[in-house]
Amino acid sequence: QVQLVESGGGLVQAGGSLRLSCTASGRTFTKSAMGWFRQAPGKEREFVAVISGNGGTTAYTDSVKGRFTISKNNAKNTAYLQMNSLKPEDTALYFCAGRMGFATLTSANDYAYWGQGTQVTVSS
């Protein structure tokens with residue numbers, strides 16, 4: 001059984017930083033893309049960032065470019081999301097997701113595996 005477990009969320013002031021982690025078990029993602037999505041109250045789940053299996057390709061939604069960095073450590077089967085210069089509008093439940101394929105896609109429908117989410121709250 002594949003499991004993705006997120007950690008690292010919390011409460012931070014605007015301008016602060018957080019680092020989210022996502023550790024996978026039951027399957028390796030060395031050849032499959034992993035992504036981060038978020039969902040704010042009353043809003044749909046949205047794409048944040050994606051990274052390819054070998055870490056060589058990344059993509060971000062426009063609102064986080066230059067502030068967030070996605071990375072992964074295949075030896076630890078873990079993906080990360082470094083979030084800097086956080087804004088109140090970044091407040092959401094953040095989900096880690098894994099694909100079965102290698103393409104760095106941005107639609108939630110293309111991801112087969114999901115974590116339970118970790119809450120990020122940014123105060124103004």
Side-chain angles (χ1 to χ4, degrees):
Q1 183 180 358
V2 178
Q3 285 190 318
L4 301 179
V5 179
E6 303 99 333
S7 62
L11 173 64
V12 64
Q13 288 188 332
S17 299
L18 285 173
R19 187 196 195 202
L20 306 184
S21 298
C22 170
T23 300
S25 61
R27 186 184 190 276
T28 61
F29 288 88
T30 55
K31 296 182 178 180
S32 302
M34 295 185 74
W36 288 94
F37 291 77
R38 65 186 181 186
Q39 188 167 17
K43 295 188 177 181
E44 293 187 354
R45 191 170 299 189
E46 66 170 350
F47 164 76
V48 176
V50 61
I51 189 167
S52 61
N54 64 3
T57 301
T58 59
Y60 301 88
T61 191
D62 286 345
S63 63
V64 308
K65 286 180 180 178
R67 300 189 297 123
F68 290 11
T69 302
I70 189 171
S71 61
K72 64 183 317 201
N73 183 329
N74 282 335
K76 295 183 177 181
N77 216 21
T78 299
Y80 306 94
L81 185 68
Q82 177 67 44
M83 306 185 295
N84 299 328
S85 302
L86 283 161
K87 304 176 181 180
E89 50 263 43
D90 294 318
T91 295
L93 187 61
Y94 282 71
F95 297 90
C96 173
R99 296 203 64 240
M100 296 181 70
F102 62 87
T104 51
L105 303 181
T106 62
S107 170
N109 292 332
D110 292 312
Y111 288 76
Y113 309 106
W114 291 87
Q116 295 296 313
T118 184
Q119 179 68 38
V120 172
T121 303
V122 184
S123 63
S124 58

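One-based numbering along the sequence shown.
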Q: If you group Ile, Leu, Val, Met, Phe, Trp and Tyr by side-chain heavy-atom gaps below 4.5 Å, do Ile51 and Phe37 land in one group?
A: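 Different clusters.
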Q: Say you draw a straight line from OG of Ser21 to NZ of Lys72; how long is it, rounded to the nearest 0.5 Å?
A: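 Ser21 atom OG to Lys72 atom NZ measures 14.0 Å (nearest 0.5 Å).
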Q: Return yes if some donor-acceptor pair links the side-chain N/O of Asn74 with the main-chain N/O of Gly53 below 3.5 Å, else return no.
A: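 Yes, because the side chain of Asn74 sits within donor-acceptor range (under 3.5 Å) of the backbone of Gly53.
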Q: Say whether Val50 and Met34 are linked into one hydrophobic cluster, either directly or through other cluster members, by side-chain heavy-atom distances under 4.5 angstrom.
A: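 Each belongs to a different hydrophobic cluster.
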Q: Calculate, to the nearest 0.5 Å, the distance between atoms CG and CD belonging to Leu18 and Gln82 respectively.
A: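 Here the rounded value is 8.5 Å.
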Q: Are Cys22 and Tyr80 close enough that some pair of their side-chain heavy atoms sits under 4.5 Å apart?
A: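 A side-chain contact under 4.5 Å is absent here.
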Q: Does Asp62 pair with Lys65 as a salt bridge, N-O distance under 4.0 Å?
A: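 Salt bridge present between Asp62 and Lys65.
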Q: Please answer whether the main-chain N or O of Thr28 pairs with a side-chain N or O of Thr30 as donor and acceptor at a distance below 3.5 Å.
A: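 Not confirmed, Thr30 side chain does not pair with Thr28 backbone.
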Q: Under the salt bridge (charged side-chain N to carboxylate O under 4.0 Å, His left out) test, which residues partner Lys43, sequence neighbours left out?
A: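 In terms of salt bridge (charged side-chain N to carboxylate O under 4.0 Å, His left out), with neighbours along the sequence ignored, Lys43 is linked to no residue.
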Q: Indicate the atoms forming the closest heavy-atom contact of Leu105 with Phe47, along with that distance.
A: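 Looks like O-CE1, 4.4 Å.
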Q: Is it true that a side-chain atom of Asn77 and a backbone atom of Ala24 form a donor plus acceptor pair closer than 3.5 Å?
A: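 Yes; judged by distance alone, with no hydrogens or angles, the pair exists.
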Q: Looking only at heavy atoms, what is the nearest atom pair of Pro88 and Ala14, with distance?
A: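 Closest heavy-atom pair between Pro88 and Ala14: CD-CB, 4.1 Å.
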Q: Under a 4.5 Å cut-off applied to non-hydrogen side-chain atoms, are Arg27 and Ser32 in contact?
A: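 Of all side-chain heavy-atom pairs linking Ser32 with Arg27, at least one is under 4.5 Å.
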Q: Hydrophobic cluster membership, with links at side-chain heavy-atom distances under 4.5 Å among I/L/V/M/F/W/Y: are Met100 and Trp36 in one?
A: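 Same cluster.
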Q: Please walk me through it: do Asp90 and Arg67 pass side chain to side chain contact (heavy atoms under 4.5 Å, CB included)?
A: CA-CA 11 Å; Asp90 294 318; Arg67 300 189 297 123; 2.7 Å; yes
Q: Say whether Leu93 and Leu4 are linked into one hydrophobic cluster, either directly or through other cluster members, by side-chain heavy-atom distances under 4.5 angstrom.
A: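 Per the 4.5 Å side-chain linkage, Leu93 and Leu4 are not co-clustered.
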Q: For residues Tyr94 and Val64: do they belong to one hydrophobic cluster (side chain heavy atoms under 4.5 Å, members Ile, Leu, Val, Met, Phe, Trp, Tyr)?
A: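 Looking at the clustering, Val64 is in the same group as Tyr94.
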Q: Which is it for Glu6 and Leu20 under the side chain to side chain contact (heavy atoms under 4.5 Å, CB included) test, yes or no, and what are the steps along the way?
A: CA-CA 7 Å; Glu6 303 99 333; Leu20 306 184; over 6 Å; no
Q: Less than 4.5 Å apart, side chain to side chain, heavy atoms only: is that true for Arg38 and Glu46?
A: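 Yes, side chains in contact.
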Q: Please identify each residue that fulfils salt bridge (charged side-chain N to carboxylate O under 4.0 Å, His left out) with Glu89, with sequence neighbours left out.
A: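 Applying salt bridge (charged side-chain N to carboxylate O under 4.0 Å, His left out) to Glu89 gives none.
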Q: Taking the side chain as everything from C-beta on, heavy atoms only, tell me whether Val2 gets closer than 4.5 Å to Phe29.
A: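 A side-chain contact exists here, since the closest heavy-atom pair is under 4.5 Å.
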Q: Decide whether a cation-pi geometry holds between Arg99 and Phe102; the criteria are a distance under 6.0 Å from NZ or CZ to the six-membered ring centre and an angle within 45° of the ring axis.
A: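 Cation-pi check for Arg99 and Phe102: fails.
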Q: Rounded at 0.5 Å granularity, tell me how far CD in Glu44 sits from CD in Gln39.
A: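 Nearest 0.5 Å value for the CD-CD distance: 8.0 Å.
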Q: Name every donor-acceptor pair, under 3.5 Å, that has one atom in a side chain of residues 113-124 and the other anywhere in the protein, sequence neighbours excluded.
A:
from   : atom 1 : to     : atom 2 : distance (Å)
Trp114 : NE1    : Tyr111 : O      : 3.2
Thr118 : OG1    : Gly9   : N      : 3.2
Gln119 : NE2    : Ala92  : O      : 3.4
Gln119 : NE2    : Thr121 : OG1    : 3.4

Q: Ignoring hydrogens and angles, tell me if any N or O in the side chain of Tyr60 forms a donor-acceptor pair with the backbone of Ile70 under 3.5 Å.
A: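 Looks like yes, one N/O pair under 3.5 Å.
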